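Data block below; observations after.
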Amino acid sequence: KSLKGYAQSGHSGATMKVNGRIHADMWNFPESSAGVNGFESGDPAVTPQDRLGFRRMRFGVKGKLPYNMLYKIEMEFAGGSNPEFRDAYLGWDDMSWLHTVLIGNQKRPYGLDHLNSSRYNVFIERPFVIEAINQDARRFGVCSYGLSDDEAWNWRYGVFNQRLIQDEGNYVSDHLQGQIAGRLANTIWYDESSGGRGYAHWALAGTWADTDGNAAADNFADSGINEARFRHRPEARTDQRWLDTGVIAGADDYSLLALEGLVNIGPTQLVGEYQRLWLDRNAGDELDFHGGYVYLSYFLTGEHIPWERKSGTLGRVKPFENFFLVDRCSGAGHGYGLGAWQVAVRWSYADFSDQDIQGGVGESVTLGLNWHWTPYARMQFNYIYGDIEENADNAPVGAPVHGTYQIVGTRVMVDF
Amino acid sequence: KSLKGYAQSGHSGATMKVNGRIHADMWNFPESSAGVNGFESGDPAVTPQDRLGFRRMRFGVKGKLPYNMLYKIEMEFAGGSNPEFRDAYLGWDDMSWLHTVLIGNQKRPYGLDHLNSSRYNVFIERPFVIEAINQDARRFGVCSYGLSDDEAWNWRYGVFNQRLIQDEGNYVSDHLQGQIAGRLANTIWYDESSGGRGYAHWALAGTWADTDGNAAADNFADSGINEARFRHRPEARTDQRWLDTGVIAGADDYSLLALEGLVNIGPTQLVGEYQRLWLDRNAGDELDFHGGYVYLSYFLTGEHIPWERKSGTLGRVKPFENFFLVDRCSGAGHGYGLGAWQVAVRWSYADFSDQDIQGGVGESVTLGLNWHWTPYARMQFNYIYGDIEENADNAPVGAPVHGTYQIVGTRVMVDF
Amino acid sequence: KSLKGYAQSGHSGATMKVNGRIHADMWNFPESSAGVNGFESGDPAVTPQDRLGFRRMRFGVKGKLPYNMLYKIEMEFAGGSNPEFRDAYLGWDDMSWLHTVLIGNQKRPYGLDHLNSSRYNVFIERPFVIEAINQDARRFGVCSYGLSDDEAWNWRYGVFNQRLIQDEGNYVSDHLQGQIAGRLANTIWYDESSGGRGYAHWALAGTWADTDGNAAADNFADSGINEARFRHRPEARTDQRWLDTGVIAGADDYSLLALEGLVNIGPTQLVGEYQRLWLDRNAGDELDFHGGYVYLSYFLTGEHIPWERKSGTLGRVKPFENFFLVDRCSGAGHGYGLGAWQVAVRWSYADFSDQDIQGGVGESVTLGLNWHWTPYARMQFNYIYGDIEENADNAPVGAPVHGTYQIVGTRVMVDF
């Protein structure tokens, strides 16, 4: 009964999938002003350095256990000697009105561009505001995931600890710094007749997060610091975060409101998000950060981006013709397939400077070209022009608090 | 012949299992005296901090290779950027009078509560003496595992290096610090007619360990320190070990005698262990440490804890009814299953203070409630009241050398 | 259609293999002169310390994806808390005149003994010059792998970044430090009639590497250092590299020429390699390093080492009789199998001292005994006598710059 040569899961009667992804990147910085140099290197004369290597190298296991339970562990090995976990949870499917319930490390439910898998996102890196407000997305928590019977509505809501523990494994502090968060999404139009080549979606999401301004005060362990910090790189890979509020002293709590909108008509997709965050401090006025982005994407070769109604996120693109290159039989030269070609443009904006917090105001335009080789592999090119202002908190003393930059990014990826 | 979409092992003709576990914990410290605060934080005014996160997050591979060989690698990823290996060995089944022989990282053969898998143990963390004398259990060694034909007797014996190398990978020192260790176990009663709902077991185990009092003297590498150190946390997860002898200067060798007894009658289980250790020093009198525990466990829902006669350890509990919650057909409300409910109480004691070594005397009572959701998943609650005395080696200067504490622990777990 | 209890790959229609290896080592240093002590410990009076633990503990996934793509991730966990990746790439089979093309971390194409898998190599550790000039072999690059229709010729060529990123994940520097490298190999004789028990091979390989003498100058990140450094341990496992040129200041570029030759006649194999490297400096004369080795291997039990014509590397030895030990039926004593027994001797030489660079001149003789238990497992014994001269760069001030040593190594290994 045992199939020699095949890998079994731990329990018969259970299912298991072993899967993963490889993303390899090259980043070049053809132009950067003195201010930007300072944000990155701490020296206005030293430019951001080029990068070559792995952005993601993951594999892990997931599966269903008898009696409607499920589990997942996904490891991120791109950091070499500094691995981290990503999705790491256990839970249940079909828990009556709770639908699916997961306990463990999972994405916080706000920001479409963060809920989308990095395998499917149109641009190489995520927009300013989406990543800054939900850095690395995953937190330890309990979350329910639901779907209406007609698949028009989907939602997720839960409680999370705000500390990012992918590298540490545990949060250690008497100050728990919890948050409640949720997202309600509506696939308001879905063209069944074309197999989903037309659809529209909107969603409303938010959180109330109980940061603790006194977290560090009576805490001997390392991780009990105030979790009120918002930061991001320039929608590219760099050494430092160029927008960064720092840990906001005395932060008491914050509220987030997030809006999403999306329309897809065949090869064309238009997406926009806006997020606004209000932060209360023990002393000092309320702070207000906000930002958003809009992108337009178009397939030169006519494909479309599928839509996952269950989760309200982007799906996997299937090229009409895969990319390949072969010798023809009878030596009649080469045969080839072109793959799918997609172009896109994104405008992104975020303002993390308010009153005494000068974490920067970023604005950038990205031109993207995606060459989908197969449904499981693609190459991406991004050209970014960006401008950062009012960034006193991240500039060396005496250096400019603003700057401009151009960045070129290239990625190849496969998932399995 | 190749099954598309399924994972193969490296060699046809071999078997492979991919398995693992996820344990997520919450620990709260509702009460701690000044002395206990000092053991944990170094400051009598700073209490132990709450914890939330992953206790275990493992996956790995194991299997049999043609011609009666076997292998296993199990990785522990709960530490995020600090992974460690656990079981990591190669070996043989059916090696004549040597039975099973394993070479590599494997559990040292003493302490029933350590030989039991963390998936099956009745309480969340292991008793004082069991963990302190066999810290993290696994060592690099060669060990034989045997079983009598009638399954009444099982034994394991081998030689090990005393250094814990799960985090380092290698022991580096001319001072080898070996030990011989063994365990002889007898399932003296096993009620076949009830499918193993009744059984009794006793075992005798021990080791002779050649610690080297001069290990650090002429050694330039990091790992050549004396391995005579016994320590444990308060049967819970904390930052520091509250009982800790420190590295005992001049330790020459030690001997351990360990006794186990267990009786199981249907839903009721009574277990006790006692361990005593004698340590010789180059200078100074022999040291004597000892401790033990007793627990009583009872299933409110009538299940029993199975017994593995092959290894002399606890097996996997199967609830009569799994825990679930579903919508009834025709909208007639909810249906549910309760799972299995188990209550337990444990008394534990250990004395690591003798002469000039004041590593602490710990005593604690734990109340446990286990909610078994399915055979593969459960939730555990522990309430611990403990008292530590004569703990001068772990108290800050001028702070109390004794203290009391209450701890509440909650764990959810799944294995696959 | 889903096979319960079996592990699936992420995509149906794809293949996946989960495989790995365990190598466990013991190293003893029965004799070392004062000079050698200094190379290792920094103190002529402190000898190299014995070692016990894991040399390799790997597992990972690889497979083919629909439409002729492939991927691989292999993790090395022997370092415990310091894992590293090994092979990590994506690519294509059957890319017309490009044959197989891989992008990612893969072996640089020079040095037969490095291209051979550690599972199949005759000696426990690799020769001086092979490892020193191609430290840890794998680099991030793009490489094409080809084979002639008659399998007589195979080749690989590509471009690589010189930085070893298995532990870091990325190279960060505006100084890219690329290299082009290639190997052309010819299986000049292959005796099909005996199933490949007779064969001969030669290969020519080389690289031109653009090291950057100014790499560190205007670079704020850690990894932008000059990659001109050649080093190796004493063909054994030690704390320090005993031959080491250090980072060669002002290195501008280097060229390598590598020659391989191999003849196998039944149980006997004779192999030799020679490598010579010329390095240009911004200031100062060209440097010249070189070395080689020869080994002779013989199976006492008559087996042979198979040859992989596709890659021009050693294959997996299959014992005529596996090693086992069983009780005979009817209690008539024990039955056993002997496995395959192989003896070998290697002479190795490398000269990394030229002008102001005194990285050492090493010469060693290794006696090897390999006990192949099964095709997937074996035990290896090596006795090494070595002599290192002209090693001023690695000797403590005032200590001898030369020395001799004896080393005994034992390894057990399995792969799956």
Side-chain angles (χ1 to χ4, degrees), chain A residues 3 6-9 11-22 24-25 29 40-43 45-55 57-59 61 63 75 77-83 237 239 322-327 334-337 373-377 412-416, chain C residues 2-11 14 16-18 60-73 75 79 81-85 88-92 94-98 103-105 140 161 163 165-176 218-224:
Chain A
L3 232 61
Y6 284 86
Q8 295 174 272
S9 70
H11 310 312
S12 64
T15 68
M16 175 181 279
K17 254 190 187 173
V18 181
N19 60 1
R21 69 189 71 173
I22 301 172
D25 282 14
F29 299 81
E40 172 72 350
S41 69
D43 180 343
V46 177
T47 60
Q49 300 291 300
D50 292 347
R51 306 179 78 88
L52 180 68
F54 292 99
R55 174 69 169 97
M57 186 191 301
R58 298 187 192 169
F59 70 89
V61 290
M75 292 302 303
F77 294 118
S81 293
N82 290 298
R237 296 305 290 177
D239 206 54
N322 291 295
F323 165 64
F324 63 91
L325 187 64
V326 293
D327 291 318
H334 306 302
Y336 59 89
W373 294 329
T374 77
Y376 315 114
V412 295
M413 67 162 79
V414 69
D415 77 86
F416 53 90
Chain C
S2 172
L3 232 58
K4 288 269 182 169
Y6 284 86
Q8 295 173 273
S9 71
H11 311 311
M16 174 181 281
K17 254 190 188 173
V18 181
V61 291
K62 63 179 181 181
K64 298 202 172 186
L65 289 168
Y67 326 110
N68 85 334
M69 290 199 71
L70 47 82
Y71 68 88
K72 185 173 182 185
I73 301 178
M75 292 301 304
S81 294
N82 290 300
E84 297 183 345
F85 50 82
Y89 53 70
L90 57 90
W92 295 263
D94 301 320
M95 277 284 273
S96 184
W97 52 273
L98 282 166
I103 306 174
N105 212 48
F140 190 95
N161 181 268
R163 180 76 180 177
I165 61 165
Q166 298 178 166
D167 54 343
E168 303 167 327
N170 283 278
Y171 179 74
V172 182
S173 171
D174 282 355
H175 300 259
L176 192 61
D218 57 352
N219 196 338
F220 66 95
D222 289 335
S223 60

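Here is the naming used below: chain letters follow the sequence lines, and residue numbers restart at 1 for every chain. Computed over heavy atoms, backbone and side chain alike; hydrogens, waters and symmetry mates excluded. All figures in this text were calculated on a predicted structure; none of them were measured in a lab.
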Self-check item: Interface residue of largest heavy-atom contact number with chain C, from A/Phe77, A/Phe323, A/Tyr336, under 4.5 Å
Solution: A/Phe77
Practice problem: Name the region of C/Lys72, side chain, backbone, both or neither, that has any atom closer than 4.5 Å to a heavy atom of chain A. | Solution: backbone
Quiz item: chain A heavy atoms under 4.5 Å from C/Asn82: which part of the residue, side chain, backbone, both or neither?
Solution: both
Self-check item: Contact origin within C/Met69 toward chain A - heavy atom pairs under 4.5 Å
Solution: side chain
Self-check item: Residue selection (most heavy-atom pairs with chain C, distance under 4.5 Å) from A/Ile22, A/Leu52, A/Leu325
Solution: A/Leu52
Practice problem: Indicate whether any N or O donor in one side chain lies under 3.5 Å from an N or O acceptor in the other, for C/His11 and A/Asn19. | Solution: no
Exercise. Side chain from CB out, backbone as N, CA, C, O: work out which of these in A/Met75 comes under 4.5 Å of a heavy atom of chain C, or both, or neither.
Key: neither
Practice problem: Can you tell which part of C/Ala88 gets under 4.5 Å to a heavy atom of chain A, answering side chain, backbone, both or neither? | Solution: both
Self-check item: A/Ser81 to C/Glu84 - nearest heavy-atom pair and separation
Solution: OG-CG, 4.2 Å
Quiz item: To the nearest 0.5 Å, what is the distance between CG (C/Leu65) and CG (A/Asp415)?
Solution: 7.5 Å
Quiz prompt | Minimum-distance pair of heavy atoms, taken over all atoms of A/Gln49 and C/Val172 | solution = CB-CG1, 4.0 Å
Exercise. Please step through side chain to side chain contact (heavy atoms under 4.5 Å, CB included) for the pair C/Ile165 and A/Phe54, ending with a clear verdict.
Key: CA-CA 9 Å; C/Ile165 61 165; A/Phe54 292 99; 4.3 Å; yes
Practice problem: Considering only heavy atoms and a distance below 4.5 Å, find which of A/Asp25, A/Asn322, A/Asp43 pairs most often with chain C. | Solution: A/Asn322
Quiz prompt | Smallest separation among heavy atoms of A/Val18 and C/Val61, with atom names | solution = CG1-CG1, 3.8 Å
Quiz prompt | Straight-line distance of A/Thr47 OG1 to C/Asp174 CG, nearest 0.5 Å | solution = 4.5 Å
Quiz item: Does the ring centre of A/Tyr376 sit less than 6.0 Å away from the ring centre of C/Tyr67?
Solution: no
Practice problem: Specify which of A/Gly42, A/Ala7, A/Ser12 makes the most heavy-atom pairs with chain C at under 4.5 Å. | Solution: A/Ala7
Quiz item: How are the rings of A/Trp373 and C/Trp92 set relative to one another: parallel (under 30°), tilted (30 to 60°) or perpendicular (over 60°)?
Solution: perpendicular
Quiz prompt | Interatomic spacing from CG in C/Leu90 to CZ in A/Arg21 - rounded to 0.5 Å | solution = 14.0 Å
Self-check item: Which atoms of A/Ala14 approach chain C - backbone, side chain, both or neither, heavy atom under 4.5 Å
Solution: backbone
Quiz prompt | Top contributor to chain C contacts, counting heavy-atom pairs under 4.5 Å, from A/Gly80, A/Ala377, A/Gly337 | solution = A/Gly80
Quiz item: Centres of the C/Tyr6 and A/Tyr6 rings: under 6.0 Å?
Solution: no
Quiz item: Which bit of A/Arg237 is near chain C, if near means a heavy-atom gap under 4.5 Å: side chain, backbone, both or neither?
Solution: neither
Self-check item: Among the listed options C/Ser96, C/Ser9, C/Gly10, the residue most often paired with chain A at heavy-atom distances under 4.5 Å
Solution: C/Ser96
